Amino acid sequence: MAKHNAFYAQSGGVTAVINASACGVIEACRRHPDQIGKVYAGHNGIIGALTEDLIDVSQESDEAIAALRHTPGGAFGSCRYKLKDIESHRAQYERLIEVFRAHDIRYFFYNGGGDSADTCLKVSQLSEKLGYPLTAIHVPKTVDNDLPITDNSPGFGSVAKYIATSTLEASLDIASMCATSTKVFVLEVMGRHAGWIAAAGALAGRGEGEPPHLVIFPEVAFNREAVMARVDEAVKNYGYCVIVVSEGARYEDGTFLADSGNTDAFGHRQLGGVAPTLAGMVKQDLGYKYHWAVADYLQRAARHLASRTDVEQAYAVGEKAVELAIEGKNSMMPAIKRVSDNPYSWTIEPAPLAEVANREKFMPREYIREDGFGITEACRQYLSPLIQGEDFPPFENGLPKVAHLKLARVERKLPEFKI
């Protein structure tokens, strides 16, 4: 079998463990020198392929690649850039194939969420139409945990662990000061349409009166009167109230509490500011002193507190992506399948991209408490295994050590392409 080169790229918002998937892909490729020649990475995701801005990963040492496993961020640069439909933007897809042909790239590994799965599927379809043999495999990643089929999405377990821990620790702070200071604390977490991350905050407590006292999900229509009544009740009963709210919290008509009025490069409404919005309601309706915080990038960059389960799964899906490609599987995504809850065990099985792209997995109603303000035992049983275990990075001079790559560029062979 003739060997050909591989292309790997990262897409969308990064996670604490996306580089662990990169490590899995690259190390697996290096174990198959008879089938895979060089590995090229796209600088800034798919944009690197369109502009022929490629990184020669073969120039990175084994030690540097291994260090990716404990390095947050996107080592090769990520992007929010969605390829549109093939019919109206055919030139972009043809450009991708042109670049792949010029560099003898026959393996395409795209590491991202739902939009990336869609891109991977479209590239696979066009390569077939153009008669260019390309094996396209989507490597799952998203902190939102909204990819279908897979038990969970790599990146989510570490965010869940960070949010649950932060909720617990901040709650102790509020409880110790509530007699003379802050009565209400609001923590805003990511989650545009799905409340998985907000749900993870509920892992911080489980007994009566233990915070968080309210979890606000995108899946449950926001009712100001009901929320304020619950906040008031918590303060009167426990002395304080802790709220975890998803950035995607919305009213009955679908309007976001914190819609900025703008859209991002994927066409999604830009959100942010639901915590101060909600805190303002508390002040206006109840008069309680409050504090709020936005976890923002901290939640997805916290590799120092990553879930060991998440790290292992992120590496495994990267590794499995290469194995699927070597086996001749095409237009697939390595999906995590839960075998048992306790002890938690899992395997990885291929899922067709046609069943993944442009689909979202929301919180099932049986995971949300009947009153809409917390999680059920079934949800706790689902979430708990995903935050288990610690995988601390090595530290030096008191700070985590991270990978330092050469990021050597590949010589361009084609004319410039404007995007």
Side-chain angles (χ1 to χ4, degrees), residues 12 15-18 20-25 27-28 31 69 109-118 120-121 124 135-161 194-197 199-200 203 306-367 375-389 391:
T15 79
V17 299
I18 189 174
S21 291
C23 180
V25 169
E27 290 187 343
R31 290 196 292 271
R69 186 172 175 130
F109 302 106
Y110 205 30
N111 199 175
D115 288 309
S116 307
D118 178 60
C120 195
L121 176 62
S124 174
T135 301
I137 305 292
H138 176 244
V139 184
K141 169 246 46 164
T142 175
V143 297
D144 290 333
N145 197 38
D146 59 359
L147 286 172
I149 301 179
T150 185
D151 173 69
N152 65 92
S153 304
F156 169 69
S158 293
V159 166
K161 190 180 185 77
W196 296 104
I197 300 177
L203 294 175
S307 152
R308 185 177 66 224
T309 296
D310 194 27
V311 175
E312 291 174 351
Q313 290 181 337
Y315 182 91
V317 296
E319 184 179 47
K320 186 65 174 180
V322 176
E323 293 175 3
L324 291 174
I326 293 296
E327 293 168 5
K329 301 289 196 302
N330 193 14
S331 196
M332 292 286 179
M333 179 189 82
I336 300 164
K337 179 182 179 181
R338 184 177 299 219
V339 177
S340 67
D341 288 318
N342 190 17
Y344 179 57
S345 63
W346 49 277
T347 59
I348 298 178
E349 297 182 354
L353 277 185
E355 299 177 14
V356 176
N358 299 311
R359 302 188 186 186
E360 290 180 287
K361 178 176 67 179
F362 304 107
M363 287 271 295
R365 194 59 183 87
E366 61 267 25
Y367 279 10
I375 64 172
T376 63
E377 190 57 36
C379 184
R380 188 177 296 274
Q381 188 173 339
Y382 166 78
L383 292 172
S384 292
L386 306 182
I387 69 169
Q388 296 304 311
D391 192 278

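Being a predicted model, the structure only gives us computed values, none of them experimental.
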Backbone N or O of [Y] within a donor-acceptor pair of the [X] side chain at under 3.5 Å?
X	Y	answer
Ser116	Asn111	no
His138	Gly113	yes
Ser158	Ala16	no
Asn330	Ala136	yes
Ser153	Lys141	no
Ser124	Cys120	no

Would you give me the side-chain donor-acceptor pairs under 3.5 Å for residues 317-328, sequence neighbours excluded?
residue	atom	partner	partner atom	Å
Glu319	OE2	Arg31	NH2	2.6

Results of side chain to side chain contact (heavy atoms under 4.5 Å, CB included) for Ala354 - residues two or more places apart only: none
Who are the salt bridge (Lys or Arg N to Asp or Glu O under 4.0 Å) partners of [X], not counting sequence neighbours?
X	value
Asp151	Arg338
Glu355	none
Glu377	Arg206

Validation row: Pro154, Ile336 side chains within 4.5 angstrom (heavy atoms):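 Yes. Closest side-chain heavy atoms under 4.5 Å.
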Going by heavy atoms in the side chains, are Cys379 and Met363 under 4.5 Å from each other? yes
Below 30° counts as parallel, above 60° as perpendicular, anything between as tilted: where do the rings of Phe156 and Trp196 land?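 Perpendicular, since the angle between the ring planes exceeds 60°.
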Taking only residues two or more places apart in sequence, or in another chain, which ones meet Phe109 in a ring-ring contact (aromatic ring centres under 6.0 Å, His included)? none
